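A quick note: this is a predicted structure, and the numbers were derived from the prediction, not measured. Proteins come first, then strands; the chains are lettered A, B, ... in the order of their sequence lines, and each starts at number 1.
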There are 2 protein chains.
Amino acid sequence: MSNLELPVLGQDDAAACCSPMVREPLGEEAAVELAKMFKALSDPVRLRLLSLIASHEGGEACVCDLTGPFDVSQPTISHHLKVLREAGLVGSERRGTWVYYWVLPAALAKLSSLLQAPAAIATVPAGGAR
Amino acid sequence: MSNLELPVLGQDDAAACCSPMVREPLGEEAAVELAKMFKALSDPVRLRLLSLIASHEGGEACVCDLTGPFDVSQPTISHHLKVLREAGLVGSERRGTWVYYWVLPAALAKLSSLLQAPAAIATVPAGGAR
DNA sequence: GTCTTGTTTCGACAGCTGTCGATACAGCGA
DNA sequence: TCGCTGTATCGACAGCTGTCGAAACAAGAC
């Protein structure tokens, strides 16, 4: 069976803790921590926010870039950004007037590797490479 | 506050659901669907249930194998299994007295690939064209 | 200084979620 | 048939979540 170039465990310290959950039962503490991250991803607005930030030029986006595409109010966007930040999925920094957010790739990689299902790897279309 | 109209890619494309979200903004519909799956993962008990099922011999587990390790009641386990099933993450079947659950690897793979964060994302040049 | 703009926090509210005990349903064995 | 065991559903309830408008805070412009 072919093996793609997948994020390898131990690639960095954040991912080291998370082997695919299909290999061994998750511990209770690990489950609690991971559930918090998945909960941050469990809202459509936050999911779109995350992808907007990640796909933005330079890999970061100003809040002012993020309020436009949504139907919800600006305080609500701010709230969702806070949730993403507290879950460790994004980082933020104020630069003058604006506040910028960027994705923390290690966090996404951690969740991604956790969900890797060996039996399914062969059925996944060959990566995102264009 | 919401007059901005940014181009959103992938709203009509099936691939939008499976390519890394760091490459292009998630469409609204795709985000709603994916959020449901992540919501199913956003509870520690469900996360552990999923890993217990996946790591069980034969890749499937009877409900009777799943109630033991948890402090919650049997109806609660049944409820969580239902959530996982309705999210499309597991399948189930009754065989005589017992009901068996198994993980649907394609669903995990879908989420896993979505979260894949290429290391390059952090170093994309600011002037990069799309 | 004052004003303007960008962002966060606050307080409130409806709706959803996880949990339970009680109960109903499904098979099996005696 | 009856009873037993395994599983799902029901009804209820406390607590959490997403949302808003109003207000506060931060930084720059005038």
Side-chain angles (χ1 to χ4, degrees), chain A residues 26 28 31-50 52-53 56 60-102, chain B residues 1-4 6 26 28 31-50 52-53 56 60-87 89-102:
Chain A
L26 230 41
E28 191 166 352
V32 169
E33 175 146 352
L34 289 163
K36 290 178 186 170
M37 305 183 78
F38 282 122
K39 177 158 286 184
L41 295 175
S42 72
D43 182 277
V45 173
R46 287 198 290 268
L47 226 34
R48 290 174 63 203
L49 275 173
L50 196 67
L52 263 179
I53 294 169
H56 204 264
E60 60 181 21
C62 162
V63 175
C64 58
D65 296 321
L66 302 173
T67 51
F70 297 93
D71 289 334
V72 300
S73 69
Q74 188 275 328
T76 297
I77 294 294
S78 189
H79 162 70
H80 284 309
L81 288 171
K82 185 180 183 182
V83 172
L84 288 172
R85 180 159 29 87
E86 291 182 342
L89 296 173
V90 303
S92 69
E93 185 187 37
R94 174 179 283 271
R95 283 184 218 139
T97 303
W98 297 279
V99 177
Y100 289 83
Y101 282 78
W102 57 88
Chain B
M1 75 178 97
S2 60
N3 288 333
L4 256 182
L6 296 181
L26 230 41
E28 191 165 353
V32 169
E33 176 147 350
L34 289 163
K36 289 178 186 171
M37 305 182 79
F38 282 122
K39 176 158 287 183
L41 296 175
S42 70
D43 182 275
V45 173
R46 286 198 289 269
L47 226 34
R48 290 174 63 205
L49 275 174
L50 196 67
L52 263 180
I53 294 170
H56 205 264
E60 60 181 20
C62 162
V63 175
C64 57
D65 296 322
L66 301 174
T67 50
F70 297 94
D71 288 335
V72 299
S73 68
Q74 181 273 325
T76 299
I77 295 292
S78 189
H79 162 70
H80 284 309
L81 288 171
K82 184 180 183 181
V83 172
L84 288 172
R85 182 159 27 90
E86 291 182 340
L89 296 173
V90 302
S92 70
E93 183 187 37
R94 168 164 229 128
R95 281 183 220 141
T97 304
W98 297 279
V99 176
Y100 288 83
Y101 283 78
W102 58 87

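Summarising the geometry, the separation between OH on A:Y101 and C1' on C:dT7 is reported as 8 Å, rounded to the nearest angstrom. Between the CZ atom of B:R94 and the P atom of C:dC25 there is a distance of 13 Å, rounded to whole Å. Atom CH2 in A:W98 sits roughly 9 Å away from atom C1' in D:dG28 (whole-Å rounding). One can place NZ of A:K36 at 13 Å from P of D:dC16, the figure rounded to the nearest angstrom. In this entry the distance linking CG of B:D43 with C1' of C:dT17 reads 9 Å, nearest Å. When rounded to the nearest whole Å, the span between CD of B:E93 and P of D:dA8 equals 13 Å. Atom pair A:L41:CG and D:dG18:P shows a separation of 12 Å (rounding to whole Å applied).
What you find for A:A61 and A:L66 is that their closest heavy atoms are CB-CD2, 4.0 Å. Residue A:E93 comes nearest to A:R95 through the heavy atom pair OE1-NE, 2.9 Å, listed as atom of the first residue, atom of the second, then distance.
Comparing A:G96 and A:V45, the nucleotide of DNA chain D nearest to each residue sits closer to the 5' end for A:V45.
Using a 4.0 Å heavy-atom criterion, one finds that A:R85 contacts no nucleic acid atom at all.
In terms of phosphate contacts, A:Y100 brings no side-chain nitrogen or oxygen within less than 4.0 Å of OP1 or OP2 of C:dG6. For the OP1/OP2 pair of C:dG27 and a distance below 4.0 Å, the side-chain nitrogens and oxygens of B:R95 include no atom meeting the criterion. Contact check, B:K39 against D:dT17: no side-chain N or O comes under 4.0 Å of OP1 or OP2.
In this structure, the separation between CG on B:D43 and CZ on B:R48 is 10.5 Å, given to the nearest 0.5 Å. To the nearest 0.5 Å, atoms CZ (A:R46) and CG (A:L52) are separated by 15.0 Å.
Comparing the local axis fitted to the first five base pairs of the helix from C:dG1-D:dC30 to C:dA30-D:dT1 with the one fitted to its last five gives a bend of 10°, rounded to 10°.
Between B:L81 and B:V90 there is no side-chain heavy-atom pair separated by less than 4.5 Å.
For the contact set between residues 70-82 of chain B and DNA chain D, defined by any heavy atom under 4.0 Å, the members are B:Q74, B:P75, B:S78, B:K82.
The backbone N or O of A:K39 lies less than 3.5 Å from a partner atom in the side chain of A:S42, making a donor-acceptor pair.
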